[in-house]
Amino acid sequence: MTTPSTPRPAVAFIPPSCCGAGYFRRLRRELGDRVAFHALELPGHGRRYQETPLTDAAAAVADLAARIDTPLDALYGESLGAYLALGVADVLKQERPPLLLAASNSPPSVRDRIDLEGLDSIESAVAALRAMGGEIPPEVLSDPELAAGAYPLMRADLHLGQSCIDLVRGSAAAGNLTVLAGADDTALTRLESWAAHTRGRCDVTSLPGGHLLSATNPAGVAERVLEALARG
C-alpha cells in the first residue's frame with residue numbers, strides 16, 4: 001500500500017520592473033521540486049513581449065490574478081513585484097489567505113511620489129528608476145539594441161510603479177508577511193513600516209545580496225521562502 005505524498009506548497013512569483021518570468025530561473029532551480037512554482041509576468045514582459053504594457057495598477061493586479069488557477073500558499077514579489085503581490089493578495093478569492101513575501105522594496109506607505117516628468121530617453125528612465133531604488137540588469141544596459149528596446153517598457157513600468165504605490169498605500173494583507181532585504185540594497189528605508197501592510201505577523205529579514213535579490217542570492221531567497229512556508 002502506498003502512502004499519499006504531501007502536496008507541494010503552491011507559490012506564485014512576481015518579478016521586478018522590466019523582467020519576465022525567466023528572471024526567476026536561478027531561484028526556481030534552487031527550490032527544485034519543494035514547491036509548485038508559478039512564475040507570473042505582465043503584458044510587455046518576457047514571453048508576453050508583444051502585448052501592450054500596462055500602466056494602471058488595478059489592471060495589472062487583475063491580469064496577474066487571472067493567471068492564478070490554484071489556491072496559493074504564498075505570494076512572492078520582488079521590487080515592483082512586491083507591490084503587485086500586495087495588490088493580488090487583496091483580490092484573491094480563497095478560503096485561506098496566502099503568505100506574502102515582499103522583497104527589495106520599501107513599504108508603499110512611506111514612498112514619495114515618483115518623478116514621471118521628462119522621461120524622454122533611456123538615460124532619464126534609468127535615472128528615475130534608480131532614484132526610487134530600482135535596478136535594470138546590466139546586460140540590458142550594456143547592449144544598445146536591448147537598451148533601446150527596453151526604454152518603452154521602463155517608462156511604462158515607472159508609471160505602473162506610481163500607480164501601484166497609490167493603489168496599495170493603505171492595503172493590509174490578511175496573511176502573514178515576510179520582508180526580505182538584500183544587505184547591499186542601500187535604497188531601502190523604514191522596513192519596519194511593512195507591518196502596517198498586514199493584519200497578521202510581519203517578519204523583516206536581511207540577507208546577503210543586492211537589489212535584484214533572487215539573481216544575486218537565489219539560494220538565500222529559496223531558504224527564506226521555505227522558512228516562511230514552514231512557519232505558516
Side-chain angles (χ1 to χ4, degrees), residues 13-24 39-65 77-88 102-171 181-182 184-191 193 197 210-216:
F13 295 82
I14 306 176
S17 296
C18 304
C19 296
Y23 169 78
F24 288 120
L40 306 178
E41 56 192 5
L42 287 168
H45 301 69
R47 290 167 296 182
R48 303 180 68 187
Y49 70 95
Q50 290 184 316
E51 300 178 48
T52 302
L54 299 173
T55 58
D56 177 75
V61 164
D63 182 280
L64 294 170
E78 191 165 310
S79 192
L80 175 60
Y83 295 167
L84 289 166
L86 181 56
V88 171
S104 302
N105 214 334
S106 302
S109 53
V110 306
R111 275 288 191 185
D112 295 329
R113 295 194 65 80
I114 301 171
D115 183 4
L116 298 174
E117 299 298 324
L119 297 178
D120 54 0
S121 67
I122 187 165
E123 291 79 13
S124 60
V126 169
L129 191 67
R130 287 176 173 164
M132 62 176 292
E135 187 176 337
I136 295 295
E139 61 269 21
V140 173
L141 298 180
S142 64
D143 184 315
E145 187 174 346
L146 284 178
Y151 165 60
L153 183 58
M154 292 172 62
R155 184 176 55 192
D157 275 2
L158 284 162
H159 283 271
L160 177 60
Q162 182 57 59
S163 184
C164 281
I165 293 170
D166 294 338
L167 181 70
V168 300
R169 190 181 292 276
S171 292
D184 298 327
D185 193 352
T186 57
L188 300 180
T189 59
R190 298 174 61 184
L191 294 179
S193 294
H197 296 286
H211 180 73
L212 297 176
L213 194 54
S214 292
T216 55

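The analysis underlying the following values was restricted to heavy atoms, covering all of them including side chains, and did not include hydrogens, waters or symmetry mates.
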Within a strict 4.5 Å, meaning less than it, do heavy atoms of the Leu119 and Met154 side chains meet?
no
Side chains of Phe24 and Glu78 in contact at under 4.5 Å (non-hydrogen atoms):
yes
What are the two closest non-hydrogen atoms of [X] and [Y], and how far apart are they?
X: Gly182; Y: Leu213; value: CA-CD1, 3.8 Å
X: Pro15; Y: Phe13; value: CD-O, 3.9 Å
X: Tyr23; Y: Ser214; value: OH-N, 3.5 Å
X: Arg48; Y: Glu41; value: NH1-O, 3.0 Å
X: Ser109; Y: Ser193; value: OG-O, 4.1 Å
X: Thr189; Y: Ser106; value: N-OG, 3.0 Å

Hey, could you give me the [atom1]/[atom2] distance between [X] and [Y], rounded to the nearest 0.5 Å?
X: Ser17; Y: Leu160; atom1: OG; atom2: CG; result: 7.5 Å
X: Glu51; Y: Asp63; atom1: CD; atom2: CG; result: 7.5 Å
X: Tyr83; Y: Leu167; atom1: OH; atom2: CG; result: 12.0 Å
X: Asp112; Y: Gln162; atom1: CG; atom2: CD; result: 9.5 Å
X: Leu153; Y: Leu42; atom1: CG; atom2: CG; result: 9.5 Å
X: Thr55; Y: Leu158; atom1: OG1; atom2: CG; result: 11.5 Å

Would you say [X]'s side chain and [Y]'s backbone share a donor-acceptor pair under 3.5 angstrom?
X: Ser79; Y: Gly134; result: no
X: Arg111; Y: Arg169; result: no
X: His159; Y: Leu116; result: no
X: Ser163; Y: Asp56; result: no
X: His45; Y: Pro43; result: yes
X: His211; Y: Asp185; result: no
X: Arg190; Y: Pro107; result: no
X: Thr216; Y: Gly210; result: yes

Take Arg113 and Ile165 through the side-chain contact (heavy atoms from CB on, under 4.5 Å) test and state the conclusion after the steps.
CA-CA 8 Å; Arg113 295 194 65 80; Ile165 293 170; over 6 Å; no
Only one of Val88, Leu86, Val61 clears side-chain contact (heavy atoms from CB on, under 4.5 Å) with Val168; which?
Leu86
